[in-house]
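Accompanying notes for the structure given below.
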Amino acid sequence: MAVSLFDLFKVGIGPSSSHTVGPMLAAQKFAQQLLTGKKLNQVAKLSCHLYGSLGATGKGHGTGEAVLMGLEGSLPETIDPDTVNERVSRIKHQQSLALLQQHPIPFSIDSDLIFYRRESLAYHANGMKLQAYDDAQQLLLEKVYYSVGGGFVVQENDQGEIQIVEDTTELPFAFHSCAELLALCSQHKMTIAEIVLENEKVWRTEAEIRAGILSLWQTMKACIDKGMRSEGTLPGGLKVKRRAASLYRDLNQKTAMDMITPSLGAMDWVNLYALAVNEENAGGGRIVTAPTNGAAGIIPAVLNYYCDFCPRSDKDGIIKFMLTATAIGSLFKENASISGAEVGCQGEVGSACAMAAAGLAAATGGSPAQIENAAEIGMEHNLGLTCDPIGGLVQVPCIERNAMAAMKAINSASMALRGDGTHYVSLDKVIKTMRDTGRDMNDKYKETSRGGLAVNVIEC
Ligand code: SF4
């Protein structure tokens, strides 16, 4: 399976890649399928059924809103996040939506958007079924989609089989494990970033790749900046106060806290960057999946740390960071999962931590072996991490967890760079362990909000 950097890192909106970005894409695809089948103008009624984790936590994750926006033709990359609330409220009050902005139909958010809290579809925890009927109540089209994490969507065919349209592009340096990747580096005397760059060139020119990476970084940076300046409480009912803005003010003034952490000054800034991104994510803002939305603060925080605190940081370093993180992310995606609904938070925050650790190690001059070691440390110490968001919102523990994982990634890179790359547990073994641990994990810890903090903390 060939995974491009631009598949792993996609511009979308918060709060969740699997619960917001994926469902919006699926709904938009459904409306497009109606259009290409010349059935769009016959639609008189739509039913949207959300199952498994989408049913259990979809309300808190904005899944319903995402489906409505997708049906109206919006895409995560281009939708203006600031217009969503107004559009949803219009649909609610007028009891009508416009399929692909072309064909208005009656639509009741209360009865046509159905969340099944305890039912799941067969293939994956994030299932959704969309049905369109004509005015004689005849079924025009029914499709089942699965949002499998990181904004990736797969679809069932008419026989109920999964159609995974894998990119089968032949890569010049294909690898399916980190051992194979390290062997390629050694055989061709190339870095991990160089290997990934050559692979990316099957889809784009080098100039497009470099420009695309820097553009993703600008989107991440804009998200940090917006989060650092946004005040108030986050939506959803938990009344979680945004704190990035006040932390930013504190860090620009000398406060009593500087007496406590004089030698860890950078840590406060890394915390700030991650909090800023994840508060923006929780508020439904513009986000880059990295590799998911719930874990979207870790890579920007560590990359911003590289830019602000590492001597000799430059654009080449940013590009190396992102290419290397892609190699590690593709291994998690291929050999385990990056979906919290499938393997718990270890698949989201753990994968992002490992990707960030590897990226930082690469940007600061680490060898392939040291980079592999950094990624391995970053994942190893997130093994077993459960997903139990309170109220089904991507807020508690998610926002702080990104800050913790960003610091863990920096520490992982630091430890690896102070060694020679030899170590006891390989990244491949840790990825396999993450997959096995996720398989054994009780479903209540996989983005259902039926276990852990989600049941032990009373929502107020
Ligand atoms: S606990 Fe982790 S996996 Fe679950 S929603 Fe939060 S960030 Fe995502």
Side-chain angles (χ1 to χ4, degrees), residues 12-23 52-63 66 124-126 147-152 234-236 238 240 274-275 277-284 287-301 329 332-333 336-356 378-379 381-406 408-409 434-435 437-438 441-457 459:
I13 63 164
S16 168
S17 49
S18 54
H19 289 58
T20 316
V21 175
S53 177
L54 296 183
T57 63
K59 285 191 178 164
H61 283 63
T63 306
H124 188 277
N126 294 330
S147 174
V148 296
F152 292 88
L234 294 170
L238 291 184
V240 172
L275 295 178
V277 172
N278 287 86
E279 287 176 0
E280 274 304 292
N281 181 56
I287 291 291
V288 177
T289 59
T292 64
N293 278 33
I298 299 161
I299 286 172
F332 282 111
K333 177 146 179 50
S337 170
I338 56 170
S339 162
E342 215 174 341
V343 291
C345 196
Q346 53 171 359
E348 296 206 12
V349 161
S351 301
C353 179
M355 291 165 72
M379 184 67 237
H381 303 290
N382 281 297
L383 284 174
L385 198 61
T386 57
C387 170
D388 51 1
I390 297 175
L393 298 163
V394 194
Q395 297 180 9
V396 187
C398 321
I399 297 172
E400 263 175 18
R401 186 166 288 175
N402 274 254
M404 300 300 291
K408 204 182 273 189
M434 189 264 269
R435 186 190 66 204
T437 305
M441 196 181 275
N442 190 304
D443 278 351
K444 64 187 182 184
Y445 299 113
K446 296 183 194 172
E447 214 161 351
T448 56
S449 289
R450 291 206 295 267
L453 287 174
V455 296
N456 287 323
V457 177
E459 294 170 41

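Read the numbers this way: they start at 1 and go in the same order the structure lists the ligands and their atoms. Small disclaimer: the values here were computed from a predicted structure and weren't measured.
- Taking the side chain to side chain contact (heavy atoms under 4.5 Å, CB included) definition, one finds that Glu348 meets it with Thr292, Ala295, Glu447, sequence neighbours left out.
- Within the protein, the N, O or S atoms sitting under 2.8 Å from atom 2 (Fe) of ligand 1 are Cys345 SG.
- Among residues two or more places apart in sequence or in another chain, the side-chain hydrogen bond (donor to acceptor under 3.5 Å, both in side chains) test is passed with Ser18 by Ser16.
- For the side chain to side chain donor-acceptor pair (under 3.5 Å) condition, the pairs that include at least one residue of residues 382-394, sequence neighbours left out, are Asn382-Lys408.
- Side chain of Glu342 to backbone of Asn126: no donor-acceptor contact under 3.5 angstrom is found.
- A side-chain donor-acceptor contact under 3.5 Å links Asn278 to the backbone of Gly297.
- Heavy atoms from other residues, nucleotides or ligands lying under 6.0 Å from OH of Tyr445 number 12 at most.
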